[in-house]
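In what follows, a structure is listed as structure tokens, so that the remarks can point back to it.
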2 protein chains.
Amino acid sequence: MTLTSTPTRRERQRAATVEEIKEVARGLMRHQGITDVRFTDIAKEMGMTAPALYRYYADRDALLTDLIADGYRDLGRVVAEAREQVDADNVAARWIAAGRAYRDWARREPAQFALILGMPVPGYVAPEEGPTTDAAKDAMSQLSALFIRAAELGDLKAPLVTDVSDAMAACAAEKHPELSGLVPPASFQAMITAWATLHGATCLDAYGQFDWLGDEARDQLFEATLRTAALAAGFPIE
Amino acid sequence: MTLTSTPTRRERQRAATVEEIKEVARGLMRHQGITDVRFTDIAKEMGMTAPALYRYYADRDALLTDLIADGYRDLGRVVAEAREQVDADNVAARWIAAGRAYRDWARREPAQFALILGMPVPGYVAPEEGPTTDAAKDAMSQLSALFIRAAELGDLKAPLVTDVSDAMAACAAEKHPELSGLVPPASFQAMITAWATLHGATCLDAYGQFDWLGDEARDQLFEATLRTAALAAGFPIE
DNA sequence: CGTGTTCGTTATGCATCATCACGATTTCGA
DNA sequence: TCGAAATCGTGATGATGCATAACGAACACG
């Protein structure tokens, strides 16, 4: 897209400013929540005035949209990196590593997590083909890659629930053709359930619903939940 | 608290107005999201002016707090009612009914669901011992009641994951003494995992992450997820 | 029928979002 | 090197929403 051969001085400066704006916005988000990201505060923190920010973003929603896209990329990157640090043939360990990264990121950046996977923010328009859909697909694809690998290794057992409706099987075949043949419909269904379990545990954890457990018990509960999700999906754990 | 023997005309009128305010606010929330609940809009919808609302709520946060409490109560009521409509000894059917009600409510009122179980709203203070904690405990107690009944019936099998850390077991014994003796620590841990699965599936569903499946496949996916959660927890299904 | 409470309105102050017009700095071609 | 043009930041301005204050109308009650 952009030719890196011509990073004009001005362009570099501008990019740096944009980065700083987003970084400051993320910082404010951590302490004040999503909706209290004020241009005034961002500008003040940067030693500027509010109107200057409009040179970089059309309005508040444009900044939020950018932050959402960044959040998706960051979450995806963190999960992918965690996954890559484990032997490719040890799919169980890869699932655990990815799940941990998913939760750790959510705990580290609860505001961003809420921003990308929570209820759509105030009154902005859902950017149609926006990053939301793409990143969700991306998360799914990371999961499905794990299942494909497990199937190739012959380690994918039958999931806990094997009933699959015709509609569900049709969706699996149509929307995720890369799985057909290798991953049976029941495993596809179980894969989504595993994702739901991971996501639910992450949400409850990140939003403090497990705070009444100590740090230690909470961590171990999450590990047990990850193992449960894997076993229920017929995923090779131990 | 309030003596129902003296519902003054004025008191009744006032209560009705409060109800109308909350109802209008909920209506606006459904279409404009949580944060865009403006006093101006509520008042306009009611044929009043904004300052009049301050006769009923100290500020915007007070209204939100009330709505959160109502949301918890409503969700709890709906789940309890669904559960009660099933034979008390058929714990599996009760779990399914409660899970369905949980999701249906979230799909019907995604904004309220986000309000009570999503990321804390803007910059308001989390009401310490507020309704949040109470209602979460209440939801848990509904779940644990199911597990206790299953244990009494002798139908509670070993969950998929039986490893329980000492810290987790200690928390279970300390925070939920009503379970000790009847429900083993591993089942307690599995119960929370089941809740996480239900909650995750509900979140993803309510926020549209499963829209690419049709209505039919989505419903059946959820049913399969409910069954998976139950089986993984050693809950008697079928 | 008068008195006091309750309720709703208009008027006001304050903060934020967003735009505009202007000045200062930087970039780059002649 | 110098001057035109683009870029960037500021102060001024208008619109909207939150919240308070002061005033007036309607109601309950003795």
Side-chain angles (χ1 to χ4, degrees), chain A residues 2-3 5-25 27-29 31-68 115 121-125, chain B residues 2-3 5-25 27-29 31-68 115 121-125:
Chain A
T2 50
L3 294 179
S5 56
T6 54
T8 314
R9 172 177 175 77
R10 258 194 181 147
E11 286 176 345
R12 273 183 292 126
Q13 199 111 21
R14 185 178 178 83
T17 305
V18 168
E19 266 322 301
E20 189 184 354
I21 291 173
K22 290 194 289 192
E23 198 49 52
V24 171
L28 291 175
M29 229 167 41
H31 296 93
Q32 302 181 338
I34 302 173
T35 56
D36 269 17
V37 177
R38 288 184 245 293
F39 269 32
T40 310
D41 296 344
I42 299 175
K44 190 173 297 179
E45 184 106 359
M46 295 176 65
M48 302 196 334
T49 55
L53 298 182
Y54 287 86
R55 297 281 179 196
Y56 302 91
Y57 286 102
D59 57 10
R60 202 164 149 279
D61 282 1
L63 172 58
L64 279 183
T65 300
D66 213 1
L67 288 175
I68 292 175
L115 191 64
V121 207
Y124 77 153
V125 288
Chain B
T2 49
L3 295 178
S5 57
T6 55
T8 314
R9 171 179 174 81
R10 256 192 181 146
E11 286 175 348
R12 272 183 291 126
Q13 198 111 20
R14 185 178 178 83
T17 306
V18 168
E19 267 322 301
E20 188 183 353
I21 291 174
K22 291 193 289 191
E23 198 49 53
V24 170
L28 291 175
M29 229 166 41
H31 296 93
Q32 302 180 338
I34 302 173
T35 57
D36 269 17
V37 176
R38 286 184 247 291
F39 269 31
T40 310
D41 296 346
I42 299 176
K44 190 173 296 178
E45 185 105 359
M46 295 176 66
M48 301 197 333
T49 56
L53 297 181
Y54 287 85
R55 296 282 180 196
Y56 301 91
Y57 286 102
D59 56 9
R60 200 165 150 280
D61 282 1
L63 172 58
L64 280 182
T65 299
D66 212 2
L67 288 174
I68 291 175
L115 191 64
V121 207
Y124 78 153
V125 287

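Residue numbers start from 1 in every chain, and the chains themselves are labelled A, B, ... in the order their sequence lines are given, proteins ahead of strands.
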Rounded to the Å, how far apart are [X] [atom1] and [N] [atom2]?
X       : N      : atom1 : atom2 : result
A:Lys44 : D:dG9  : NZ    : P     : 18 Å
B:Phe39 : C:dG8  : CZ    : P     : 14 Å
B:Met46 : C:dC7  : CE    : P     : 12 Å
A:Arg12 : C:dT27 : CZ    : P     : 10 Å
A:Asp36 : D:dG17 : CG    : P     : 17 Å
A:Leu53 : C:dC17 : CG    : P     : 10 Å
B:Glu11 : D:dC27 : CD    : P     : 18 Å
B:Gln13 : D:dC27 : CD    : C1'   : 10 Å

Determine the contact category for [X]: base if any of its heavy atoms lies under 4.0 Å from a base atom, sugar-phosphate if only primed atoms, P, OP1 or OP2 are that close, otherwise nothing.
X       : result
A:Ala58 : sugar-phosphate
A:Thr40 : sugar-phosphate
B:Tyr57 : nothing
A:Arg38 : sugar-phosphate
B:Tyr54 : base

With a 4.5 Å limit on heavy-atom distance, are the side chains of A:Ile42 and A:Met46 in contact?
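They are in side-chain contact.
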Is there side-chain contact between B:Thr17 and B:Arg55, with at least one heavy-atom pair below 4.5 Å?
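In short, these two side chains do not touch, never coming nearer than 4.5 Å.
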Report the residue (A:Asp59 or B:Arg55) whose heavy-atom-nearest nucleotide on DNA chain C is the more 5′ of the two.
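Nearest nucleotide further toward 5': that of B:Arg55.
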Taking the side chain of [X] as heavy atoms from C-beta outward, which of [options] is closest to it?
X       : options                : result
A:Arg60 : D:dC18, C:dC17, C:dG8  : C:dC17
A:Ala52 : C:dC7, C:dT9, D:dG9    : D:dG9
A:Pro51 : D:dA12, C:dC17, D:dC18 : D:dA12

Value rounded to 0.5 Å, distance of CD in A:Glu23 from CG in A:Leu28:
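Answer for the CD-CG pair, A:Glu23 versus A:Leu28, is 10.5 Å.
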Would one find a side-chain N or O of B:Thr49 under 4.0 angstrom from OP1 or OP2 of C:dT9?
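For C:dT9, OP1 or OP2 has a side-chain N or O of B:Thr49 closer than 4.0 Å.
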At their closest point, which heavy atom of B:Asp59 faces which heavy atom of B:Tyr54, and how far apart are they?
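The answer is CA-CE2, 4.1 Å.
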Evaluation steps, salt bridge (charged side-chain N to carboxylate O under 4.0 Å, His left out), between B:Arg14 and B:Glu11:
CA-CA 5 Å; B:Arg14 185 178 178 83; B:Glu11 286 175 348; over 6 Å; no
